[in-house]
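Notes for the one structure printed next.
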Amino acid sequence: MDHAKLEMYDDVGVQVEGEMNIPSNKNTQNIGRPDFNTLDEPIRDTILRDVKAVGVKFGHVLFPKEKKTLLKEWDLWGPLMLCTFMAMILQGGTTADDTNDGGPEFAEVFVIVWIGSMIVTLNSKLLGGNISFFQSVCVLGYCLLPTTLALIVCRFILLAEQSTLLFFIRFTVSMMGFIWATYASMIFLGDSQKPGRKLLAVYPIGLFYFVISWLVISHTAS
């Protein structure tokens, strides 16, 4: 910065001296710009930063205390990862003699997750929600994490010979994932609705996660 000496006089004629910092043209040109340029950084650093951001959001879903990160820094990478993983696990025949290649089941999961989240978001907007469309889809997608974890546990249970007890355990695990997913989504989306309309917003969200949890319960090893 350049320094300029100022000489001023107050109302009674006393000279007042001081210095004023004048920003140079070089510094003023960088005002408002980020400290780094993603076009110049290595691809590895960009990928690691994005992966870390997704991991942080997963942590917020497992321990839903901080409400703003998923809304301010929304993305669809996490929901896409969870949706693809669930579709891969749930694909395949649901009975031992099923000869399907798993295509319909894979597409079914994608339709339920993405179309379902869009419908729930549209309902929230029609009720006067004050968040954007993609913010709501981001939250609903990331909150699939408890249901995805329940699917993993149920998949391991299916490796054993099935019995009534094991089915009850699968049912309990799936319901726990459903309850946690619904609870986490309401922590992030609850403040976006007016107090008198929260129940109308909770019902579609609960139905959305219940349908996905039912897919987890009804899934059997192919």
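Quick caveat: nothing in here was measured; it's all calculated off a predicted structure.
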- Query: I115 versus F110: any side-chain heavy-atom pair under 4.5 Å?
  - Reply: no
- N/O donor-acceptor pair under 3.5 Å between S117 side chain and V113 backbone: yes
- Query: With sequence neighbours left out, what residues match F134 under ring-ring contact (aromatic ring centres under 6.0 Å, His included)?
  - Reply: W74
- Is I131 reachable from V139 through a run of I, L, V, M, F, W or Y residues, each pair having side-chain heavy atoms under 4.5 Å apart? yes
- Message: Could you tell me if the side chain of L62 sits less than 4.5 Å from the side chain of F58, heavy atoms only?
- Response: no
- Flag yes if L159 and V173 sit in one hydrophobic cluster, no otherwise; membership is Ile, Leu, Val, Met, Phe, Trp, Tyr, and two members link when side-chain heavy atoms are under 4.5 Å apart. no
- Item | Minimum-distance pair of heavy atoms, taken over all atoms of A150 and G177 | CB-CA, 4.4 Å
- Note on the structure: Note: G141 and L82 closest approach over all heavy atoms is O-CD1, 3.4 Å
- Query: Do L165 and L158 belong together in a cluster built from hydrophobic side chains that touch within less than 4.5 Å?
  - Reply: no
- Result of checking T147, I112, L215 against M86 for side-chain contact (heavy atoms from CB on, under 4.5 Å): T147
- Message: For residues W214 and V211: do they belong to one hydrophobic cluster (side chain heavy atoms under 4.5 Å, members Ile, Leu, Val, Met, Phe, Trp, Tyr)?
- Response: yes
- Item | Closest non-hydrogen atom pair between C138 and D75, with its separation | SG-O, 3.2 Å
- Query: Backbone N or O of F133 within a donor-acceptor pair of the S136 side chain at under 3.5 Å?
  - Reply: no
- Which distance, rounded to the nearest 0.5 Å, do you find between the CG of L145 and the NE2 of H60? 13.0 Å
- Task: Starting at SG of C154, measure out to CG of L149 and round the result to the nearest 0.5 Å.
- Result: 11.0 Å
- Heavy-atom distance under 4.5 Å between the side chains of I169 and V153, does that happen here? no
- Task: Please round to the nearest 0.5 Å and tell me the distance separating atom CD1 of I47 and atom CZ of R49.
- Result: 10.5 Å
- Is there side-chain contact between L48 and K52, with heavy atoms separated by less than 4.5 Å? no
- Shared hydrophobic cluster, L76 / L80 (ILVMFWY, side-chain heavy atoms < 4.5 Å): yes
- Locate the shortest heavy-atom distance separating R155 from I89; write the atom from each residue and the value. CD-CG2, 4.2 Å
- Side chain to side chain, P146 and Y209, heavy atoms closer than 4.5 Å: no
- Note on the structure: All heavy atoms of I152 vs all of F85, minimum pair found to be CG1-CE2, 3.7 Å
- Qualifying ring-ring contact (aromatic ring centres under 6.0 Å, His included) pairs, either residue in residues 160-181, two or more places apart: F178-F210, W180-Y183
- Close side-chain approach of L90 to E108, heavy-atom, < 4.5 Å: no
- Close side-chain approach of L166 to S163, heavy-atom, < 4.5 Å: yes
- How about P79 and L144: do any of their side-chain heavy atoms sit closer than 4.5 Å? no
- Should we say atom CE of M176 is surrounded by more than 12 heavy atoms from elsewhere, each under 6.0 Å from it? no
- Query: For V109 and C83, which heavy atoms make the closest approach, and how far apart are they?
  - Reply: CG1-O, 4.1 Å
- Query: Should we count CH2 of W77 as having more than 12 external heavy atoms under 6.0 Å?
  - Reply: no
- Query: Looking at CE of M175 and CD1 of I217, how far apart are the two atoms once the value is rounded to the nearest 0.5 Å?
  - Reply: 3.5 Å
- Rounded to the nearest 0.5 Å, the OG1 atom of T121 sits from the CG atom of L126 at a distance of 11.0 Å
